[in-house]
Amino acid sequence: MKTAIDSARKAGRRQLIYELISGGTGLVLALFMWGHVILVGSILTGERGFDWMATMLEDYYIAQPTVAAIFTIFIVHAVLAARKIPAQLEERRRMIDLAKGLKQSGRERVPSRRDNSPFVPHLESMLWIWQVRTGMIILVLGSFHLILIGVDIFTPLFGEYAGIESATTLSRVAAGLWLPYAILLLCVEFHASVGLYRLVVKWGAGILPHRRVLHRIEQVIFWLVLGLGSLTLLVLAGWVQPPLEFMISEVSP
């Protein structure tokens with residue numbers, strides 16, 4: 001009996017450690033992604049502004065260790081978060097059925113009443129389901145993006161020299177990478193904002209504001225970052241001229 005209790009306690013501690021690491025790495029990745037959107041947003045000031053930012057980060061050896069660290073954190077978070085992703089086909093079918101049920105709930109009519117059923121979809125369940133879905137997409141597209149950026153920074157494979165440069169970035173985004181980047185942007189911003197919301201609810205229950213307030217804050221952050229990221233992507237794809245290019249004027253020799 002005692003052995004079973006000790007085993008259960010060890011398993012509980014292990015799961016708690018996994019939750020702490022998963023939440024911590026998720027927080028770091030979310031904050032990094034928001035900073036990343038702002039840094040890539042330097043393209044809004046034109047190619048000179050983008051190249052200046054990239055060169056500064058590389059010359060001071062900020063970009064190189066950051067890419068390596070974020071890739072490691074990304075893998076750790078993906079492995080730990082994957083514990084909650086349905087692994088078996090039958091489990092995935094149940095998740096799909098659950099999503100359909102939540103989507104339709106509240107729309108059915110009770111025969112004895114004229115109004116809709118009082119049952120409404122559970123917000124937390126829907127957020128979790130879509131977080132799982134976006135997480136699987138991020139695992140694929142995010143890995144591709146991190147490897148591509150790593151190749152850019154450490155090798156001259158895609159340009160004249162090792163490092164990120166505006167000409168190469170603009171050309172390949174305009175050539176078709178805008179589509180996977182658009183999907184990645186949407187998934188990452190949703191996953192990050194919802195992830196932070198659920199993290200705050202999980203560890204700050206009874207201390208922080210009501211869930212409705214936290215959900216509103218999450219929505220504001222989501223739309224602000226998504227708006228900035230979308231405008232940045234439009235500029236990178238060459239569909240919109242950099243709106244802040246006037247801020248960096250050409251310096252006469």
Side-chain angles (χ1 to χ4, degrees), residues 18-19 21-41 70-89 91-105 121-149 173 176-203 211 214-234 236-237:
Y18 289 161
E19 283 296 317
I21 297 176
S22 177
T25 53
L27 175 61
V28 171
L29 289 173
L31 295 177
F32 168 78
M33 286 311 305
W34 290 340
H36 178 62
V37 169
I38 294 174
L39 291 177
V40 177
I70 291 300
F71 187 76
T72 301
I73 295 173
F74 177 80
I75 296 299
V76 172
H77 181 73
V79 170
L80 293 178
R83 296 178 300 117
K84 301 178 182 179
I85 298 177
Q88 301 297 326
L89 181 60
E91 293 176 344
R92 294 179 184 177
R93 288 175 179 171
R94 290 178 182 175
M95 189 183 77
I96 294 173
D97 291 338
L98 174 61
K100 291 180 179 178
L102 289 171
K103 184 177 180 181
Q104 296 299 324
S105 63
H122 191 269
L123 175 63
E124 309 297 329
S125 299
M126 289 299 298
L127 290 178
W128 175 79
I129 288 172
W130 279 104
Q131 206 178 14
V132 170
R133 290 171 174 173
T134 54
M136 291 188 288
I137 296 174
I138 293 171
L139 181 60
V140 177
L141 295 182
S143 299
F144 165 75
H145 178 63
L146 285 171
I147 292 173
L148 184 62
I149 295 301
V173 172
L177 278 184
W178 63 267
L179 180 56
Y181 279 170
I183 298 173
L184 181 61
L185 173 66
L186 179 60
C187 291
V188 164
E189 297 316 320
F190 177 87
H191 194 86
S193 58
V194 171
L196 285 184
Y197 162 75
R198 297 183 68 239
L199 188 65
V200 171
V201 169
K202 180 185 296 183
W203 298 104
R211 288 193 182 195
L214 294 174
H215 185 54
R216 293 299 181 189
I217 295 174
E218 173 259 318
Q219 288 180 315
V220 170
I221 294 175
F222 169 76
W223 288 111
L224 284 177
V225 179
L226 182 63
L228 175 60
S230 299
L231 179 59
T232 299
L233 187 58
L234 290 173
L236 288 172

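- Taking OG1 from Thr232 and CG from Leu39, the interatomic distance works out to 10.5 Å, rounded to the nearest 0.5 Å.
- The two residues Ala237 and Trp178 make their nearest non-hydrogen contact at CB-CB, 4.2 Å.
- Taking all atoms of both residues into account, the shortest heavy-atom contact from Val40 to Leu236 is CG1-CD1, 4.1 Å.
- Between His77 and His191, the shortest heavy-atom distance links the atoms NE2-NE2, 4.5 Å.
- Contact record, His215 with Tyr197: N-CE1, 3.7 Å, taken as the closest heavy-atom pair.
- The structure places CG of Leu29 at 9.5 Å from CD1 of Ile138, a figure rounded to the nearest 0.5 Å.
- The structure places OG of Ser230 at 8.0 Å from CG of Leu186, a figure rounded to the nearest 0.5 Å.
- Taking 4.5 Å as the limit, every side-chain heavy atom of Trp34 sits out of range of all side-chain heavy atoms of Leu224.
- The structure places CG of Leu226 at 12.5 Å from CD of Gln219, a figure rounded to the nearest 0.5 Å.
- Counting heavy atoms from C-beta outward, Glu189 and Val37 have side chains that approach closer than 4.5 Å.
- Between Leu196 and Glu218 the shortest side-chain heavy-atom distance does not fall below 4.5 Å.
- Residues Leu141 and Pro180 approach most closely at CD1-O, 3.6 Å, considering heavy atoms.
- Side chains of Phe74 and Val28 form no contact here, defined as non-hydrogen atoms less than 4.5 Å apart.
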**Request:** Begin with the C-alpha distance, continue with both residues' side-chain angles, and end with the deciding distance and a verdict on side chain to side chain contact (heavy atoms under 4.5 Å, CB included) for Leu148 and Leu177.
**Result:** CA-CA 11 Å; Leu148 184 62; Leu177 278 184; 4.0 Å; yes
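- Rounding to the nearest 0.5 Å gives a distance of 10.5 Å between CE of Met136 and SG of Cys187.
- Qualifying side-chain hydrogen bond (donor to acceptor under 3.5 Å, both in side chains) partners for His145, counting only residues two or more places apart in sequence or in other chains: Tyr181.
- Residues Leu139 and Ala78 share a closest heavy-atom pair of CD1-CB, 3.7 Å.
- The environment of Phe222 atom CZ is dense: over 12 non-hydrogen atoms of other residues, nucleotides or ligands sit within 6.0 angstrom.
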